[in-house]
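Note on naming: letters A, B, ... go to the chains in the order of the sequence lines (proteins, then strands), and numbering restarts at 1 for each one. The figures here come from the full heavy-atom set of this structure, side chains too, leaving out hydrogens, waters and symmetry mates. From a predicted model like this one, the values you see are computed outputs, not experimental measurements.
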Protein chains: 2
Amino acid sequence: MSSISIYIAEDQGMLLGALSALLAMEEDINVVGKASNVKQAWQGIKETMPDIVLTDIEMPEMTGIELAEAISDSDLDCKVMILTTFARSGYLSRALDAGVRGYMLKDAPSEELAASIRKVQKGRKVIDPELMLSAWDNKDPLSDKERSVLRLAESGLKTEEIAQKLFLSPGTVRNYLSNAASKLNANNRIEAARIARQKGWL
Amino acid sequence: MSSISIYIAEDQGMLLGALSALLAMEEDINVVGKASNVKQAWQGIKETMPDIVLTDIEMPEMTGIELAEAISDSDLDCKVMILTTFARSGYLSRALDAGVRGYMLKDAPSEELAASIRKVQKGRKVIDPELMLSAWDNKDPLSDKERSVLRLAESGLKTEEIAQKLFLSPGTVRNYLSNAASKLNANNRIEAARIARQKGWL
DNA sequence: AATTCGATATGACAAATGTCACTAGGTCAC
DNA sequence: GTGACCTAGTGACATTTGTCATATCGAATT
């Protein structure tokens with residue numbers, strides 16, 4: 001009978017190893033490779049041609065979503081599943097655009113993982129249900145500039161410094177921040193940044 | 001021959017299950033229970049009396065450090081090991097004060113876990129080396145008030161609102177924020193909060 | 001009783017931030 | 001080529017924040 005070959009990309013060494021152990025216990029699943037960063041994963045995937053790639057999102061250098069996009073752009077025939085801590089609708093939207101077949105949360109019980117993998121292998125999609133709902137009406141209202149200005153404000157830079165980094169006038173920066181805050185119903189830049197980050201828009 | 005009994009507390013379902021699988025593969029280690037929150041873990045530990053408790057820090061309701069303190073205050077004879085994402089010196093100091101025997105990072109390779117557990121069982125301490133260094137000169141300079149004020153400022157509340165929540169005058173709040181910022185070499189409340197959080201002081 | 005100390009508060013001032021109305025140039029569709 | 005729209009900028013003003021010197025008051029110390 002056909003066993004499912006799977007490649008794992010996850011930057012937390014402990015989880016990477018533990019997931020391998022978990023999946024190794026399943027008779028019909030075969031872990032053919034693992035990596036703790038996207039670059040290495042991309043190499044390994046091209047070599048091993050797994051049925052399924054299981055990847056985290058937030059990793060150093062490049063994100064799992066970018067990995068998914070690379071795979072989708074290539075002629076590789078493998079299905080990507082995301083496994084992440086973050087229930088952020090922005091992430092899910094981007095992941096779906098990248099042709100991802102599964103989006104699961106690390107909060108979910110580990111028993112579901114193997115089951116989800118088998119579903120995806122059969123061609124079905126597996127999206128964490130609570131996320132599916134929130135992703136719908138939750139589109140990012142921010143413009144590119146607003147996003148980048150917010151990102152800098154978040155780390156405590158003052159208007160003047162943000163302006164210099166982005167080659168804008170301080171007044172413009174304040175306008176962007178003001179706009180962003182009003183779009184997000186925030187009272188100031190701090191709150192705006194917090195909200196945006198929590199939604200996965202930063 | 002004596003096998004090591006171990007109890008796992010970890011709120012991320014996926015990691016909890018995967019760690020169990022990982023440790024189950026070791027012949028001399030026996031996972032006697034697991035929980036995804038501190039309260040449940042505390043119950044389970046009293047019943048199963050494990051040799052070692054392996055716990056995360058950040059969990060809903062109560063932290064793993066509080067669990068360690070509870071165990072240390074009780075007459076239970078079990079060794080606590082912390083497994084966390086965060087390389088924050090503040091966490092480590094508090095953990096050591098609570099009598100913890102091991103402090104490992106989730107970034108570490110999973111192969112080391114079993115080895116560390118055996119070391120601790122033999123009475124040795126296992127502290128992630130890079131942390132040991134940074135913990136030394138990195139004591140929290142903040143007062144309790146400064147901490148709580150910073151925590152609220154971080155979420156975007158304005159001075160007036162913080163004052164109301166803490167039953168202080170707005171002027172006092174500003175003094176505390178100003179003090180905190182100067183202690184942390186920050187230019188404003190946002191940067192101060194960022195620094196403090198990153199060090200594990202919030 | 002006198003002194004020291006910490007926590008809290010005030011007032012005053014400078015600086016940064018938030019808001020808004022308005023201008024100027026570019027691009028794009030029609 | 002006109003109008004709609006986007007990006008960027010300006011100026012003015014109110015509000016919020018950061019800083020500092022100083023005051024009060026009770027608890028702890030001597």
Taking all heavy atoms of B:A98 and all of B:S72, pick out the closest pair and write down the distance. O-CB, 3.6 Å

A:E146 and A:K183 ion-paired at < 4.0 Å: yes

Kindly say if A:T159 contacts the phosphate of C:dA16, meaning a side-chain N or O under 4.0 Å from OP1 or OP2. no

Between B:N188 and B:S143, who's closer to the 5' end of DNA chain C by nearest nucleotide? B:S143

To the nearest angstrom, the CG-P distance between B:L168 and D:dT24 comes to 20 Å

So, is B:Y176 close to the C:dA9 phosphate, meaning a side-chain N or O under 4.0 Å from OP1 or OP2? no

Are more than 12 heavy atoms, taken from residues, nucleotides or ligands other than B:D77, located less than 6.0 Å from that residue's CG atom? no

side-chain contact (heavy atoms from CB on, under 4.5 Å), paired with A:K106, selected from A:L113, A:T85, A:L19: A:T85

Ignoring backbone atoms, establish whether B:S169 has a side-chain N or O less than 4.0 Å from OP1 or OP2 of C:dT8. no

Whole angstrom is fine here: how far is it from NZ in A:K158 over to C1' in C:dG18? 16 Å

Taking any heavy-atom pair under 4.0 Å as a contact, classify A:N175: base, sugar-phosphate, or nothing. base

Can you check whether A:K145 has a side-chain N or O nearer than 4.0 Å to OP1 or OP2 of D:dA8? yes

Find the distance B:N187:CG to C:dT17:C1' and express it as a whole number of Å. 15 Å

How far apart are the C-alpha atoms of A:I127 and A:L96, what are their side-chain angles, what is the distance that settles it, and do they pass the side-chain contact (heavy atoms from CB on, under 4.5 Å) test? CA-CA 10 Å; A:I127 310 290; A:L96 291 177; 3.9 Å; yes

Residue-phosphate contact under 4.0 Å: A:R174 side-chain N/O, C:dA16 OP1/OP2: no

Interatomic distance where CZ belongs to A:R189 and P belongs to C:dA16 [whole Å]: 11 Å

Whole angstrom value for the distance that separates P of D:dT19 from CG of B:N179: 10 Å

List the atom of B:A153, the atom of B:L177, and the distance in Å for their closest heavy-atom pair. CB-CD2, 4.1 Å

Check every strand shown and say whether B:T172 touches a base, only sugar-phosphate, or nothing at a heavy-atom separation below 4.0 Å. base

Starting at atom CG of B:L157, determine the distance to atom C1' of D:dT17, rounded to an integer number of angstrom. 15 Å

Using five base pairs at each end, measure the axis-to-axis angle across the helix from C:dA1-D:dT30 to C:dC30-D:dG1 and round it to 10 degrees. 30°

Less than 4.0 angstrom from a charged side-chain N to a carboxylate O is my criterion; do A:R118 and A:E26 meet it? yes

Can you measure B:I162 atom CD1 to D:dT16 atom C1' for me and round it to whole angstrom units? 12 Å

